Enquirer: 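Could you have a look at this structure, given as structure tokens, before my questions?
Both ligands and their constituent atoms are indexed starting at 1 by order of listing. Nothing here was measured: the structure is a model prediction, and the numbers come from that model.
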Amino acid sequence: MSLKQRDKKHIWHPLTQHKLHPETIAITKAKGCILFDEDGNEYIDAIASWYTCMYGHCNPYITQKVSSQMQVLDQVVFSGFTHEPAVKLSEALIDILPENQNKLFFSDNGSTSVEIGIKMALQYHFNRGEKRKVLIAFEDSFHGDTFGAMSVSGLSIYNGPFEDFFLEVKRIPTPSGENHDIILNQLEELVSKHEIAGFVYEPLVQGAAAMKMHNAEGLNEILNFCKIHQIITVADEVMTGFGKTGRSFASDHIENKPDIICLSKALTGGLLPMAITSCSQNIYDAFYSDDMSKGLFHGHTYSANPLSCTAALAGIELLNSDDIQDCIKRIITSHQQFGEHIKNHPKVASIRQTGIIFALDLNIEMERYGDLRDKLFQFFMKNGIFLRPLGNTIYIQAPYVISEEQLQKVYQVIEDALEIV
Ligand SMILES: *Cc1c(COP(=O)(O)O)cnc(C)c1O
């Protein structure tokens, strides 16, 4: 029996309605940008396995570092203990994070990094004797699948059963470049009516909203407003972090820096799960006390796992290398050229790009996971490209190490796909 047949017996997949989508593809090997399946097919991983393996699958530098670490220290409790991989990673990460970031809190995935960011924002006020309970978030945002993260997610299409249990969240539109006054008026009204604790946002690009992009100056004004009103700002850089926007973090493009930053996905280059919530000294100080109960009582068993830390440290070394920086520049230019080429195609409604993130909207109405979207997905896979269209949006977020030849193949297959819709 094949793996995909055996899979059906016991496995429940994420984000899957098994009755409608019973088929899985069994991947047996991955190298660089290529995924290999059990039937002998190869696919270019043009979304870097959900934006994680930016330095390529099974990157030899990262795997070698992790296999050496594995011989020395595998896992130890991170309450009351520390270790070299975590310390080295903290130094390397603080070095590249926006300058106001000074402390790192470890967890396992993007959702928990946001959950912790929310708890930091809520407890920050609580510890200072202020009862602030309401959060602000963007429309169409996505921050993960745990309760706090679901609460701030505007894209809660499938969250119906849980909505009664959410935190209280008020929504504002993303800045378009034309609606700043509307947003600022809305914020004024919100602070006059509610005790606002924090603002949680995906800076510049909203991934799950199909790579929706917004205006940096407008975001800067929102952050400025939050600063004035002591609203703690939580940047969810789970997707945008580590070079995707052309700089290390999306927050690097914006003058006002967030109080808290959530990181995961490309943090470990796709090798191991890990997340970090970083914060400024000011946030940390609100928890620093002789009073035990003012501490942040949150912890995961595998917090700062030494192997994950080693992978993350190796990833940051790669990100900082000339090789990877050159790749990023090359991809940005190639995307721009492809954008120019495709934007006037009769089936294309619009294109957009931030750094190495490229998206194209078809001028056809499509359901987020409907039949036409499935047909597009099948077309890409049959042509050896793993892309995951969302509704009528096709987007690319390929590993930095994708070759120019592979990238051109991705563009060509997208162009061919326009003929079948
Ligand atoms: C993927 C993602 C998350 C959730 O991360 P998980 O590791 O899947 O829990 C949160 N925020 C953003 C912006 C993401 O892209």
Enquirer: Output the distance between atom CD1 (I351) and atom CD1 (I394), rounded to the nearest 0.5 Å.
Expert: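 Output value for this atom pair is 13.0 Å.
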Enquirer: In terms of atom number and element, which parts of ligand 1 are under 4.0 angstrom from non-hydrogen atoms of E202?
Expert: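 Once the distances to E202 are compared, the set is 13 (C).
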Enquirer: Run the numbers for me: atoms of ligand 1, each under 4.0 Å from some heavy atom of H143, listed by number.
Expert: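 Near H143, meaning under 4.0 Å from one of its heavy atoms, ligand 1 has 10 (C), 11 (N).
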Enquirer: Which class fits the ring pair F358 and H335: parallel under 30°, tilted 30 to 60°, perpendicular over 60°?
Expert: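 Rings of F358 and H335: tilted, as their planes differ by 30° to 60°.
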Enquirer: Dump the intermediate steps for side-chain contact (heavy atoms from CB on, under 4.5 Å) on T240 and L204, then the final yes or no.
Expert: CA-CA 8 Å; T240 50; L204 300 187; 5.6 Å; no
Enquirer: What's the shortest distance from atom 12 (C) of ligand 1 to any protein heavy atom, and which residue and atom give it?
Expert: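 Result for atom 12 (C) of ligand 1: D236 OD2, 3.4 Å.
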Enquirer: When you check the gap from the basic side-chain N to the acidic O, do K409 and E404 get nearer than 4.0 Å?
Expert: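 Result for this pair is no, no salt bridge flagged.
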Enquirer: Near M239, which atoms of ligand 1 are under 4.0 Å from a heavy atom of that residue?
Expert: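 In order of number, 15 (O).
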Enquirer: With a cut-off of 4.0 Å, which atoms of ligand 1 are near a heavy atom of N109?
Expert: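 In order of number, 7 (O), 9 (O).
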Enquirer: Under 4.0 Å from any heavy atom of F142, which atoms of ligand 1 are there?
Expert: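 Near F142, meaning under 4.0 Å from one of its heavy atoms, ligand 1 has 2 (C), 3 (C), 11 (N), 12 (C), 13 (C).
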Enquirer: How far is atom 6 (P) of ligand 1 from the closest protein heavy atom, and which atom is that?
Expert: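 Checked against all protein heavy atoms, atom 6 (P) of ligand 1 sits closest to G110 N, 3.5 Å.
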Enquirer: Under a 4.0 angstrom heavy-atom cut-off, which atoms of ligand 1 come close to S111?
Expert: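 Checking each atom against S111, I get 4 (C), 5 (O), 6 (P), 9 (O).
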Enquirer: Using the six-membered ring wherever Trp is involved, compare the ring planes of H83 and F78 and label them parallel, tilted or perpendicular (cut-offs 30° and 60°).
Expert: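 Correct class here is tilted.
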Enquirer: Any chance you could lay out the ring-ring contact (aromatic ring centres under 6.0 Å, His included) test for F249 and F242, step after step, and finish with the verdict?
Expert: CA-CA 6 Å; F249 301 96; F242 302 99; 5.2 Å; yes
Enquirer: Looking at F386, is R388 sitting on its ring face, NZ or CZ under 6.0 Å from the six-membered ring centre and within 45 degrees of the normal?
Expert: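 No, R388 does not sit over the ring of F386.
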Enquirer: Look at atom 2 (C) of ligand 1 and say which protein heavy atom is nearest, naming residue and atom and giving the distance to 0.1 Å.
Expert: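 Protein heavy atom with the smallest distance to atom 2 (C) of ligand 1: K265 NZ, 2.6 Å.
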Enquirer: Any protein heavy atom sitting closer than 4.0 Å to atom 8 (O) of ligand 1?
Expert: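 When distances to the protein are checked, atom 8 (O) of ligand 1 has no heavy atom within 4.0 Å.
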